[in-house]
Amino acid sequence: MLTDIEIARAAKKRPIAEIGAKLGIPEAALIPYGRDKAKVDRSFIAGLDDRAEGRLILVTAVSPTPAGEGKTTTTVGLGDALARIGKRTAICIREASLGPNFGMKGGAAGGGLSQIVPMEEMNLHFTGDFHAITAAHNLLAAMIDNHIHWGNALDLDPRRITWRRVMDMNDRALRDIVVGLGGPANGYARETGFDITVASEVMAILCLARDLDDLQDRLGRIVVGYRRDKTAVTCRDLKADGAMTVLLREALQPNLVQTLENTPAFVHGGPFANIAHGCNSVMATGTALKLADYVVTEAGFGADLGAEKFFDIKCRKAGLKPAAAVIVATVRALKMHGGVARADLAREDVAALRVGCANLGRHIENVRGFGVPVVVAINHFAADTPAEIAALQAYVAGQGAEAILCDHWARGGAGAEDLARRVVALAEAGARFAPLYPDDLPLWDKIETIARRIYHAGEVAADPAVRAQLAAFEAAGHGPLPVCMAKTQYSFSTDPALRGAPSGHVVPVREVRLAAGAGFVVAICGEIMTMPGLPRVPAAESIGLDQAGNVVGLF
């Protein structure tokens, strides 16, 4: 069996102008980055406002496990399958972060015969969007320290600066640092740190902005810290928003590429789903909806994180109305949720599977709670037995839904045609989408609503200082913002080892942060970190070049 990178390298790619033509994008509206990728010009996008929109399909998943679920692979397979059955289709996914690529997770382009290409470029520097976001974010950080060095006319309290620096790499040594050492010429010494680029508010802003004007307005609203009287200092106060917009001008334009079967794919933006809102850009999704009959997109990690934020943040802010949702599950993952060790997953265990199905059932219930119809995609693995597949399908039928066996990893779009036909039927039947909570609900009540209704928590705990910070946000006019919950992706709880469908647990809210430019409040729960570390054996140890200069080890 060929590796993913070998399959991708052998792809019969079409010139990017031909891919654009499938969606009615003229060649003049494409800004090429080589022969097989391009950005879509913003002036062309601006001219699409009066067009009707296609149907939006969300692909989400059960709570992730080390066994793998294959959400992006299913997103690509479903997109190819919809194209195979005659639907004008576009796929929208996020860009890959270098940190996870060289760490443990690997890339984000699908797998097997359901991939987006060029896989190597997408998982490395691609069109430079992440570098532009990193530069814009760190420009603001530099201007903060420079402002203090030259007299601090805004009276920004160095002890209350909230804007950290970022880099697109996993590096635990940079979580907490001291800057400004070395004497007066180097500024004032203070504690700060680094987050990973995908956790940057600039990333979230780029992914939620509608156009350049909206981008600059959102950048200007970023709160970088507070004065001694605790009033906020913004990016606009520092006059950094214009230069940051210049750095992001090209990055705001969506990237167009293709699948192995030459289905158009927009790959743009990449906020994490446990730290940020976990969806590709509004610009990419909105453009695709104006050009295609069906747009297949995904949200990060399980439905408790990615789907909830997709519905409550992205759809709320962008006015999107999803027509249907696909929940990806594997027999392997559900057996792990049922207590089977990873080393034993190849052995049939119907009893453990049935126990683990509770995790899937919780996600079905949650997605339906938003008024969106659901179908389950069983991402097939060779070791799955007929008895296990039958038990899984029977469980889903008992939940009033359908589980469809999919073989897109091995057969591409042909392996997901049954899923595509069911998605079309659900989408054409209509949805009654509504967010989980209203805008005017107090911020603490929004946190509790998500924790109790989505996570099935028994209690939400926070120190008085956290409650006071939320009250201060509301007093400053930020009460109508949605909440972005930052917690582990591996469990409905904040304990990554607590698999399945736990109920009655405590969700500790350790800290809350204001993302005024992005337009949400982040609630950091449990031990979640905004700068990941590398594992004991990072993937980077196996990545290199062969004798012909080809990349090897990337996955």
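No salt bridge links K446 with E448; every basic N to acidic carboxylate O contact stays at or beyond 4.0 Å. A salt bridge links K335 with E388; the closest basic N to acidic carboxylate O contact falls under 4.0 Å. Using a 4.0 Å cut-off between a side-chain N of Lys or Arg and a carboxylate O of Asp or Glu, D36 and K13 qualify as a salt bridge. Between R421 and E417, at least one side-chain nitrogen of the basic residue sits less than 4.0 Å from a carboxylate oxygen of the acidic one, meeting the salt-bridge criterion. Salt-bridge check for E120 with R9: passed, with a basic side-chain N closer than 4.0 Å to an acidic carboxylate O.
No donor-acceptor pair closer than 3.5 Å links the side chain of E95 to the backbone N or O of G270. Using a distance-only test at 3.5 Å, with no hydrogens or angles considered, a donor-acceptor pair links the side chain of N101 to the main chain of N123. Looking only at distances, no side-chain donor or acceptor of T263 sits under 3.5 Å from a matching main-chain atom of T259. Under the 3.5 Å distance criterion, the side-chain polar atoms of D312 are left unmatched by any main-chain donor or acceptor of P435. For the pair Q393 (side chain) and A390 (backbone), a donor-acceptor distance under 3.5 Å is absent. Using modelled atom types, no side-chain atom of T488 and backbone atom of S491 make a donor-acceptor pair closer than 3.5 Å. Under the 3.5 Å distance criterion, the side-chain polar atoms of K71 are left unmatched by any main-chain donor or acceptor of V59. Judged by distance alone, with hydrogens and angles left aside, the side-chain atoms of N379 form no donor-acceptor pair with the main-chain N or O of T330 at under 3.5 Å.
The neighbour count for R35 CZ, taken as heavy atoms of other residues, nucleotides or ligands under 6.0 Å away, does not exceed 12. In this structure, E527 places its CD atom where only 12 or fewer heavy-atom neighbours from other residues, nucleotides or ligands lie under 6.0 Å away. The environment of K321 atom NZ is sparse: at most 12 non-hydrogen atoms of other residues, nucleotides or ligands sit within 6.0 angstrom.
Under the 6.0 Å distance and 45° angle rule, R316 counts as a cation-pi partner of Y437. Annotation: cation-pi pair K487/Y455 present, NZ/CZ under 6.0 Å from the ring centroid and within 45° of its normal.
With a 4.5 Å cut-off on side-chain heavy atoms, F266 and L256 count as touching. Looking at L260 and V117, their side chains come closer than 4.5 Å, going by heavy atoms from C-beta outward. For the pair V396/L360, a side-chain contact is recorded, criterion being any heavy-atom separation below 4.5 Å from C-beta on. Looking at heavy atoms from C-beta onward, P532 lies in side-chain contact with I196 at the 4.5 angstrom threshold. Between E308 and I450 there is a side-chain heavy-atom pair separated by less than 4.5 Å. Side-chain contact between I85 and L82: present, with at least one pair of heavy atoms (C-beta onward) separated by less than 4.5 Å. Between D349 and D344, the closest side-chain pair of non-hydrogen atoms is not below 4.5 Å.
Nearest heavy atom pair, residue C525 against residue V507, reads SG-CG1, 4.0 Å.
The list of ring pair (Phe, Tyr, Trp, His ring centres under 6.0 Å) pairs with a residue in residues 388-432, not counting sequence neighbours, is empty. Within the structure, ring pair (Phe, Tyr, Trp, His ring centres under 6.0 Å) pairs that include any residue of residues 86-115 do not occur (at least two apart or interchain). Sorted by first and then second residue, the pairs that involve residues 333-377 and meet ring pair (Phe, Tyr, Trp, His ring centres under 6.0 Å), not counting sequence neighbours, are F311-F370, H363-F492.
Checking each of T285, N280, T75, T60 against T297 for a side-chain hydrogen bond (donor to acceptor under 3.5 Å, both in side chains) leaves exactly one that passes, namely N280.
Side-chain contact, T197 with D168: no donor N or O sits under 3.5 Å from an acceptor N or O. Looking at N366 and D304, their side chains never bring a donor and an acceptor atom within 3.5 Å of each other.
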